[in-house]
Amino acid sequence: MLTVGFETDRETLEKLYAELGVDVAVSGANFVMRENGEPVGLMRAEVGDFVTITHFKIKNEEINPGDKEFFLRAMLFKFSLNPVPLAVRGRHPELERFGFRFEDGYMRLNSSEVNLSGSCRDGRGGD
């Protein structure tokens with residue numbers, strides 16, 4: 001079973017950062033996806049004028065392509081419950097279907113406007 005939650009345990013985060021190749025010190029707000037209790041994904045964010053998503057990675061993405069979609073949708077849903085301005089540095093066309101717009105070098109979205117309609121793209125015939 002996949003679950004997603006906020007993580008503060010430094011040891012868990014240090015291990016996951018290393019396994020995913022995240023080359024910054026543990027900091028920011030960290031959300032972890034777990035599969036049957038085992039950490040398998042990380043969304044790291046920094047909170048300032050925007051909630052800036054700095055890292056978004058999962059283990060074995062090539063084996064389970066739908067896991068990344070699940071994790072992203074779960075986090076966007078969680079952010080939508082308490083509207084905040086979100087930002088991701090750079091252009092990421094895959095975020096446009098959720099309502100993100102490219103402005104000033106960032107993909108931006110107020111989380112209250114997130115579009116979660118449509119099916120997940122899991123590599124197994126989704127739209």
Check: Just how far is it from atom CG of Leu72 to atom CD1 of Ile53, taken to the nearest 0.5 Å?
Finding: 7.0 Å
Margin query: Determine whether Val40 and Asp67 satisfy the following criterion, side-chain contact (heavy atoms from CB on, under 4.5 Å), listing intermediate values before the conclusion.
Written below: CA-CA 9 Å; Val40 296; Asp67 289 358; 5.6 Å; no
Note to self: Which residues pass the side-chain contact (heavy atoms from CB on, under 4.5 Å) test with Pro83, not counting sequence neighbours?
What the structure shows: Asn110, Ser111, Ser112
Margin query: So which atom in Gly99 and which in Leu109 form the shortest heavy-atom distance, rounded to 0.1 Å?
Written below: O-CD1, 3.5 Å
Notebook entry, point to check: Do Phe31 and Phe56 touch side chain to side chain, with heavy atoms closer than 4.5 Å?
Noted result: no
Margin query: Please report the interatomic distance NZ(Lys59) to NZ(Lys57), rounded to the nearest 0.5 Å.
Written below: 13.0 Å
Check: If every non-hydrogen atom of Phe71 is compared with every non-hydrogen atom of Met43, which pair is closest and at what distance?
Finding: CZ-N, 3.6 Å
Margin query: A side-chain contact here means heavy atoms from C-beta on lying under 4.5 Å apart; do Tyr106 and Thr52 qualify?
Written below: yes
Margin query: For Arg101, is the CZ atom crowded, meaning more than 12 foreign heavy atoms sit under 6.0 Å from it?
Written below: yes
Note to self: Between Arg34 and Thr3, do the side chains contain a donor N or O and an acceptor N or O under 3.5 Å apart?
What the structure shows: no
Checklist line | salt bridge (Lys or Arg N to Asp or Glu O under 4.0 Å): pairs with one or both residues in residues 77-87, sequence neighbours excluded | finding: none
Item checked: Remaining members of hydrophobic cluster (4.5 Å side-chain criterion), Tyr17 -> Leu13, Leu16, Leu20, Val22, Val24, Val26, Val32, Leu42
Next item on the list: Would you mind reporting whether Phe6 and Asn30 have side-chain heavy atoms less than 4.5 Å apart?
Entry: no
Notebook entry, point to check: Any side-chain heavy-atom pair from Pro39 and Met33 closer than 4.5 angstrom?
Noted result: no
Checklist line | Ile58 reachable from Phe98 in the ILVMFWY side-chain graph, under 4.5 Å edges | finding: yes
Next item on the list: Carefully, step by step, assess Phe79 and Val114 under the rule side-chain contact (heavy atoms from CB on, under 4.5 Å).
Entry: CA-CA 9 Å; Phe79 283 129; Val114 69; over 6 Å; no
Next item on the list: Tell me, please, whether Phe50 has Arg108 positioned over its six-membered ring: NZ or CZ under 6.0 Å from the ring centre and within 45 degrees of its axis?
Entry: yes
Next item on the list: Please report the closest heavy-atom contact between Arg91 and Phe102, naming both atoms and the distance.
Entry: NH2-CD2, 2.9 Å
Next item on the list: Please examine the side chains of Leu81 and Phe77, heavy atoms only from C-beta on, and report whether any two atoms are closer than 4.5 Å.
Entry: yes
Item checked: CZ-OG distance between Arg44 and Ser27, expressed to the nearest 0.5 angstrom -> 3.5 Å
Checklist line | Check: Val4 and Phe70 side chains under 4.5 Å, non-hydrogen atoms | finding: yes
Item checked: Audit row: Glu69, Arg97, salt bridge (charged side-chain N to carboxylate O under 4.0 Å, His left out) steps and yes/no -> CA-CA 12 Å; Glu69 176 88 10; Arg97 66 190 172 109; 2.6 Å; yes
Check: How far apart are the closest heavy atoms of Arg89 and His92, and which atoms are they?
Finding: O-NE2, 2.9 Å
Next item on the list: Using a cut-off of 6.0 Å, state whether more than 12 heavy atoms not belonging to Glu11 lie near its atom CD.
Entry: no
Note to self: Working to the nearest 0.5 angstrom, can you tell me the gap between Asp9 CG and Glu14 CD?
What the structure shows: 9.0 Å
